[in-house]
Number of protein chains: 2
Amino acid sequence: MKPSYVHRGEDCRGVSEVLARVGDKWTVLVVVTLGDGAHRFSELRRALNGISQKMLTATLRGLERDGFVTRTVFPTIPPRVDYELTDLGRDLLVPVMALGNWARANRDRVEAARRRFDAAALEPVLPVAAAR
Amino acid sequence: MKPSYVHRGEDCRGVSEVLARVGDKWTVLVVVTLGDGAHRFSELRRALNGISQKMLTATLRGLERDGFVTRTVFPTIPPRVDYELTDLGRDLLVPVMALGNWARANRDRVEAARRRFDAAALEPVLPVAAAR
DNA sequence: CGGGATCCTACGGGATACTG
DNA sequence: CAGTATCCCGTAGGATCCCG
């Protein structure tokens, strides 16, 4: 997330910024996972099967910085850290879930189009297959 | 809101896929630009100030492959190629614009949180009476 | 004009290893 | 347990040149 574009006079800076956040590999999954309440680090790590600890940390730091999650440290031994959505985070969840639901609902349409496209890309070769 | 412990479910694959598409640097800007009708290649290039020719081509190809955009070639000289949203593309525009609108509406909240976080990060150990 | 083909760099992100 | 610090690699993405 870096530049700011001028898009037909409208102000798209913050928009692109947020979209960049949402678009990275884990942010949305973390936010959705936190959607049903606070979780500690290791819980998130288990829930998000496949995430590396580095990326989980980085993702949570980014979300905390932007005010989407709170980080609560319990000075116990062993340490325990809870992450929870803020009001802003729960707010973000709404349009994000909407997009997610759209994705689920239209996944087959996209896949169909994709197969069609890939098939069409090979097709010109087929009638002239003897050329090889 | 539904229980979100289903990250292992394969229904998350397509979602992440769509989110990844939406999250890349130019896709959303292209889709939004095409939201008000067909545009030709050079028009898009000019509208999306700063995009490279390579990325515009790649983005449009991806969108075409996924069925979000149609590509129409006019066999004239010089050549002319029009791009236009499909029904699926216009459909995608809805949740994407919703997210975009959310981003515009909450940009200041995010920026405020960010400044707060960065300020706190610079500040050494100063446990002055925290206003909570 | 609308790209295809290349080259090159920055950065996202995974895999350890180490620490308090 | 919850990180921080390195190393390393793949790829997104910009710049350039060329072609129908």
Side-chain angles (χ1 to χ4, degrees), chain A residues 1-5 16-30 33-34 38-66 69-84 117 120-122 124-125, chain B residues 7 16-30 33-34 38-66 69-84 117 120-121 125:
Chain A
M1 44 184 168
K2 23 173 178 161
S4 51
Y5 316 100
S16 294
E17 218 168 304
V18 170
L19 286 173
R21 282 216 57 79
V22 167
D24 80 52
K25 191 168 178 180
W26 298 106
T27 293
V28 166
L29 293 173
V30 170
T33 302
L34 288 176
H39 289 278
R40 50 192 300 185
F41 191 86
S42 48
E43 286 174 350
L44 287 172
R45 193 170 178 188
R46 242 174 292 115
L48 303 163
N49 205 16
I51 191 174
S52 65
Q53 106 300 72
K54 170 186 170 181
M55 285 320 296
L56 181 52
T57 302
T59 301
L60 288 168
R61 280 291 183 281
L63 287 172
E64 187 194 358
R65 185 168 113 99
D66 287 0
V69 305
T70 58
R71 178 172 181 271
T72 311
V73 181
F74 299 89
T76 60
I77 293 181
R80 171 204 177 109
V81 180
D82 274 16
Y83 292 91
E84 188 172 14
F117 183 89
L122 290 177
V125 179
Chain B
H7 290 320
S16 295
E17 217 169 305
V18 171
L19 254 33
R21 281 215 56 78
V22 167
D24 82 51
K25 190 170 178 180
W26 299 105
T27 294
V28 166
L29 292 173
V30 170
T33 302
L34 288 175
H39 288 278
R40 50 191 300 184
F41 191 85
S42 46
E43 285 175 353
L44 288 172
R45 194 158 147 81
R46 241 172 293 114
L48 304 162
N49 205 15
I51 191 173
S52 67
Q53 164 284 332
K54 171 187 171 181
M55 286 319 295
L56 181 52
T57 302
T59 301
L60 288 169
R61 282 290 182 282
L63 288 172
E64 187 193 359
R65 186 169 112 98
D66 287 0
V69 158
T70 59
R71 179 171 181 270
T72 310
V73 181
F74 299 88
T76 58
I77 295 179
R80 171 204 177 107
V81 180
D82 274 17
Y83 292 91
E84 188 171 15
F117 183 90
V125 186

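Chain letters run A, B, ... following the sequence lines, proteins first and then strands; every chain starts at 1.
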Straight-line distance of A:Thr27 OG1 to A:Leu60 CG, nearest 0.5 Å: 9.0 Å

Side-chain heavy-atom pair A:His39, A:Tyr83 within 4.5 angstrom cut-off: no

With the side chain counted from C-beta on, respond yes when B:Leu63 and B:Leu34 share a heavy-atom pair under 4.5 Å apart, and no when they do not. no

Contact between A:Thr33 and A:Val30 at the side-chain level, heavy atoms closer than 4.5 Å - yes or no? no

Rounded interatomic separation in angstrom, taking CZ from A:Arg40 and P from D:dG3: 10 Å

Need one value for A:Tyr83: base, sugar-phosphate or nothing, where a base atom within 4.0 Å counts as base even if backbone is also close, heavy atoms only. sugar-phosphate

How large an angle, rounded to 10°, do the end axes of the helix from C:dC1-D:dG20 to C:dG20-D:dC1 enclose when each is built from five base pairs? 40°

Let me know the distance between CG of A:Leu56 and C1' of D:dG3, rounded to the nearest Å. 10 Å

Are the side chains of B:Gln53 and B:Arg45 in contact, using a 4.5 Å heavy-atom criterion? yes

Would you indicate which nucleotide in C:dG4, D:dG3, D:dA2 comes nearest to any side-chain atom of B:Arg61? C:dG4

Does a side-chain N or O of A:Ser42 approach OP1 or OP2 of D:dA2 to a distance below 4.0 Å, or not? yes

Report yes if some heavy atom in the side chain of B:Val22 is under 4.5 Å from a heavy atom in the side chain of A:Val22; otherwise report no. no

Rounded to the nearest 0.5 angstrom, the CD1-CH2 distance for B:Ile51 and B:Trp26 is 5.0 Å

What string of B, S and - do you get for nucleotides 13-20 of chain C, 5' to 3', if B is base contact, S is sugar-phosphate-only contact and - is no contact with any protein heavy atom under 4.0 Å? BBBBB--B

With respect to B:Leu44, which candidate in B:Leu56, B:Leu29, B:Val81 satisfies the side-chain contact (heavy atoms from CB on, under 4.5 Å) definition? B:Leu56

Checking D:dA2, D:dT4, C:dG2 against the side chain of B:Arg71 (C-beta onward), the nearest is C:dG2

Rounded off to whole Å, could you give me the CZ-to-C1' distance for the B:Phe41 and C:dG2 pair? 6 Å

Could you check how far CD1 of B:Ile77 sits from C1' of C:dG3, rounded to whole Å? 15 Å

When the distance from CZ of A:Arg46 to C1' of D:dC1 is rounded to whole Å, what number comes out? 11 Å

Residue set satisfying side-chain contact (heavy atoms from CB on, under 4.5 Å) with A:Glu64, at least two apart, ordered chain then number -> A:Arg61, A:Val69, A:Arg71, B:Phe117

How close or far is atom P of C:dG3 from atom CZ of B:Phe74, stated in whole angstroms? 12 Å

